[in-house]
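All values below come from the heavy atoms of this structure, side chains included, with hydrogens, waters and symmetry mates left out.
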Amino acid sequence: MKPQSLVRFISRVDTWRATHVSERMFVLMLAFLVGFLSAVAAYVLHLLINQIVAFLTGNFNAGSFNLLYLVYPVVGILLTMLFVRYVVKDNISHGITRILYAISQNRSRLKAHNTWSSVVASAITIGFGGSVGAEAPIVLTGSAIGSNLGKLFRLDSRTLLLLVGCGAAGAIAGIFKAPIAGLVFTLEVLMIDLTMASLMPILVSCVTATCFTYIFSGDAALFTFHLDDSWTVERIPACVLLGVFCGLVSLYFIRAMSSCEYMFARLKNHPYVKLAIGGSLLSLLIFLFPSLFGEGYNSINLLLNGRDESDWSQILNNSLFAGQENLLVIYVGLVLLTKVFATSATNGGGGCGGTFAPSLFIGCFSGFFFSRLWNIYQLGIHVPEKNFALMGMAGVMSGVMHAPLTGIFLIAELTGGYSLFLPLMIVSVCSYLTINIFEPHSIYATRLAREGKLITHHTDHAVLTLMQLDSVIDRDYMSVGPDTELAGIVRKISSSKGSVIPVLDAAGCLLGEISIKNIRHVVFRIELYHHFTASQLMQEPSAILTDSLPMTIVMRTFDDTHADYLPVLDADGHLKGYLSRDHVLTQYRKMVADMSED
């Protein structure tokens, strides 16, 4: 169908639905479609990853190391980098962070290519051994599907935001067959306020995605877990300590990831240098620790289902540690420490993937490492390693994402481990409280929070973050030069709508401003019209704003200076216009009213 024909078709559909379908029912229909398409995207991505992995590693000898582990990751990162650079021609990394940015700075609008580009790029990266997860790319894909469907039918920003949340929730629900986790993910991570107007569409998307995932892939869970040893009250101290340990591991994960990203960011203009460094580091780590290959879900299942060292030691296969069961704890500890560098090297080198799966991986290894040492050194009552590996997944996810509810419900739904619900809550809450001491924001939100561009559940802050400075600047101002006489200034005042006249030099740079109320004593004295010039009458502004400032700082500046008008300059120091306190507050009240509507 040609673009013009498509536009006419959409226009006719839009006209029909405006007449025959209520707005609320139409949003529910779109939520169903978003959930279905998110499930399809998740299924296609995992199918591609599994096919690539089976093709590349199907003939590996489990009893020894394989030199191809040194080659595959570099090839995968190279192919991904070329695909992004020459086909997509846009930055598609940090999927969930890009969603948060779109919500706060771009009226929930995501680019059309985000509906497919992350699927292809992450399939190549992960299939060839990139040590990242497929979840963040799929969440970005689902959110982009919702955003672009909303744009297609010219829906307002509030509805676009809701459809973005539906896409993200559907993606999580579809990947993990966990509808409740999808719902709370949008609440905790994307920080979309859950009102009665948003509850039903998000639930529809979650349930739809989950049902279609069951249809596509059967009822097998992503992770298998069978409870052999029920939880007892005597294990509360161990659970609390595990939660604290997971919080500290989460802190290590976030800080190490940020440091590595900063290092690779400094090489932004040298893509092949990044590829060489990231690919070499990743290949070396995977060669030493094959558990780091890809998402690592096979290793997680081994730890969740093993009963003794002979079962757990299977994670040593294909490595230099193969057959040496006595080195199991050392191997697990080293993998725990190096996973973050493998993930950073993958994305930093040019690959595409998320930190969702790595947080599950590190959590599982953390829980196993903690419980194994606990039992070896008999620090208390014996604890089952597989149970603590499961609880560790919830703990690290809660800490890294600052999302304890997501961690609890996701792990419970993912494994059917509802009988461990209380210890999952203990570990998740303790991890969250521990990480909060050191890091106030999740790994996804940290970058935006530093720039003041993060939406939160605090309505005042959320409204100011959503408010665009550029949209409230008044550019209709009258200016004068420094040599303009009072007579010329009076003529400008008669045509001006504001109470301030800026004084500009020949280049348009602000020299000062003349307040009309401050020159009332000379305005009506005609004999002085040729005795005063603008340079003599102007004063320094109470404060000067730049067009890159967040609105939170702008409002704080108004409060500190008690000014009614403040000038806004661009990066070159040229005057863009003025901000009126009254205009900003009017816009603020309107946005608060819009956000408060159910």
*Qualifying residue, where the test is side-chain contact (heavy atoms from CB on, under 4.5 Å) with Pro73 and the options are Leu281, Leu284, Leu282, Thr125*: Leu282

*Does the side chain of Val75 come within less than 4.5 Å of Leu78's, by heavy atoms?*
no

*Give a yes or no on whether a salt bridge exists between Arg266 and Glu261, defined as a side-chain N under 4.0 angstrom from a carboxylate O.*
no

*Leu45 and Ala134: which non-hydrogen atoms are nearest, and at how many Å?*
CD2-CB, 3.5 Å

*Row check, Phe225 ring normal vs Lys386 NZ/CZ: under 6.0 Å, within 45°*: yes

*asked:* Any donor-acceptor pair under 3.5 Å linking the side-chain atoms of Asp90 with those of His113?
replied: yes

_Leu303 and Ser299, any side-chain heavy atoms less than 4.5 Å apart_ = no

*Do Ser250 and Ser431 come within less than 4.5 Å of each other through their side chains, counting heavy atoms only?*
yes

*Sequence neighbours excluded - salt bridge (Lys or Arg N to Asp or Glu O under 4.0 Å) pairs with any residue from residues 234-243*: Asp229-Arg235

_In the structure I gave you, are the side-chain heavy atoms of Asn298 and Phe293 within less than 4.5 Å of one another anywhere?_
no

*asked:* Minimum heavy-atom separation for Gly367 and Leu242, please, with both atom names.
replied: CA-CD1, 4.0 Å

*For Ser118 and Thr141, what are the C-alpha separation, side-chain angles and deciding distance, and is it a side chain to side chain donor-acceptor pair (under 3.5 Å)?*
CA-CA 7 Å; Ser118 294; Thr141 300; 4.7 Å; no

_Reported CG-to-OG distance for the pair Leu420 and Ser230, which is rounded to 0.5 angstrom_ = 8.0 Å

*Quick one: do the Ser131 and Thr346 side chains pair a donor with an acceptor below 3.5 Å?*
no

*Check the pair Tyr432, Asn436 against side chain to side chain donor-acceptor pair (under 3.5 Å), reporting the backbone distance first and the verdict last.*
CA-CA 6 Å; Tyr432 175 72; Asn436 245 323; 3.1 Å; yes

*Measure across Cys166 and Val34 and return the closest heavy-atom pair with its distance rounded to 0.1 Å.*
C-CG1, 3.9 Å

*Would Phe365 and Tyr331 count as a close aromatic pair, with their ring centres under 6.0 Å?*
no

_Please give me the minimum heavy-atom distance between Phe341 and Cys260, naming the atom from each residue._
CD2-SG, 3.6 Å

*Given side chain to side chain contact (heavy atoms under 4.5 Å, CB included), test Val132 with Thr355 step by step and report yes or no.*
CA-CA 6 Å; Val132 288; Thr355 56; over 6 Å; no

*Atom CD1 in Ile145, atom OG in Ser205: separation rounded to 0.5 Å?*
9.5 Å

*Could you label the plane-to-plane angle of the Phe321 and Phe289 rings as parallel, tilted or perpendicular, counting under 30° as parallel and over 60° as perpendicular?*
parallel

*asked:* For the backbone of Ala209 and the side chain of Tyr214, can you confirm whether one donor and one acceptor N or O come within less than 3.5 Å of each other?
replied: no

*Can the ring centroids of Tyr72 and Phe287 be said to lie less than 6.0 angstrom from one another?*
no

*Can you check whether Val233 reaches Ile236 side chain to side chain, under 4.5 Å on heavy atoms?*
yes

*Centroid-centroid distance, Phe388 to Trp374, less than 6.0 Å*: no

*Short side-chain to backbone donor-acceptor contact, Asp308 and Asp311, under 3.5 Å*: yes

*Yes or no on side chain to side chain contact (heavy atoms under 4.5 Å, CB included) for Thr115 and Leu110, after CA distance, side-chain angles and deciding distance?*
CA-CA 9 Å; Thr115 59; Leu110 289 160; over 6 Å; no

*Compare all side-chain heavy atoms of Leu302 with those of Trp312 and state whether any distance is below 4.5 angstrom.*
no

*Return the minimal non-hydrogen interatomic distance between Glu413 and Ala181, and the atom names on each side.*
OE1-N, 2.8 Å

*asked:* So, taking the atom named CD in Glu385 and the one named CG in Leu373, what distance separates them when rounded to the nearest 0.5 Å?
replied: 10.0 Å

*Decide yes or no on side chain to side chain contact (heavy atoms under 4.5 Å, CB included) for His46 and Glu295, but give the supporting numbers first.*
CA-CA 11 Å; His46 277 110; Glu295 295 172 294; 3.9 Å; yes

_Any side-chain to backbone donor/acceptor pair from Asn347 onto Gly353? Under 3.5 Å, distance only._
yes

*Check whether any side-chain heavy atom of Ile277 sits under 4.5 Å from a side-chain heavy atom of Leu267, and report yes or no.*
yes

*Could you state the interatomic distance from CG (Asn305) to CG (Leu390), rounded to the nearest 0.5 Å?*
10.0 Å

*Among Thr338, Thr343, Leu334, find the residue that satisfies the side-chain contact (heavy atoms from CB on, under 4.5 Å) test when tested with Leu285.*
Thr338

_Side chains of Phe409 and Leu183, heavy atoms from C-beta outward: is any pair under 4.5 Å?_
no

*Quick one: sort the Phe245 and Phe369 rings into parallel, tilted or perpendicular, breaks at 30° and 60°.*
parallel

*Does the pair Glu439/Arg255 count as a salt bridge with the N-to-O cut at 4.0 Å?*
yes

_Value rounded to 0.5 Å, distance of NZ in Lys177 from OG1 in Thr213_ = 7.0 Å

*Look up atom CE in Met391 and atom CG in Leu422, then write down how far apart they are to the nearest 0.5 Å.*
10.0 Å

*Any donor-acceptor pair under 3.5 Å linking the side chain of Ser283 with the backbone of Gly279?*
yes

*Begin from the C-alpha positions of Ile300 and Phe361 and carry the test side chain to side chain contact (heavy atoms under 4.5 Å, CB included) through to its verdict.*
CA-CA 6 Å; Ile300 292 177; Phe361 181 92; 4.3 Å; yes

*For Thr208 and Gly35, indicate whether the former's side chain and the latter's backbone hold a donor-acceptor pair under 3.5 Å.*
no

*Where is the tightest heavy-atom contact between Ile175 and Ala42, given as atom of each residue plus distance?*
CG1-CB, 3.8 Å

*Please report the C-alpha distance between Glu188 and Thr406 in whole Å, then the side-chain angles of each, then the deciding distance to 0.1 Å, and finally whether the side chain to side chain donor-acceptor pair (under 3.5 Å) criterion is met.*
CA-CA 7 Å; Glu188 290 188 304; Thr406 302; 2.8 Å; yes

*Hey, could you give me each pair passing salt bridge (Lys or Arg N to Asp or Glu O under 4.0 Å) that has a residue in residues 314-342? Not counting sequence neighbours.*
none

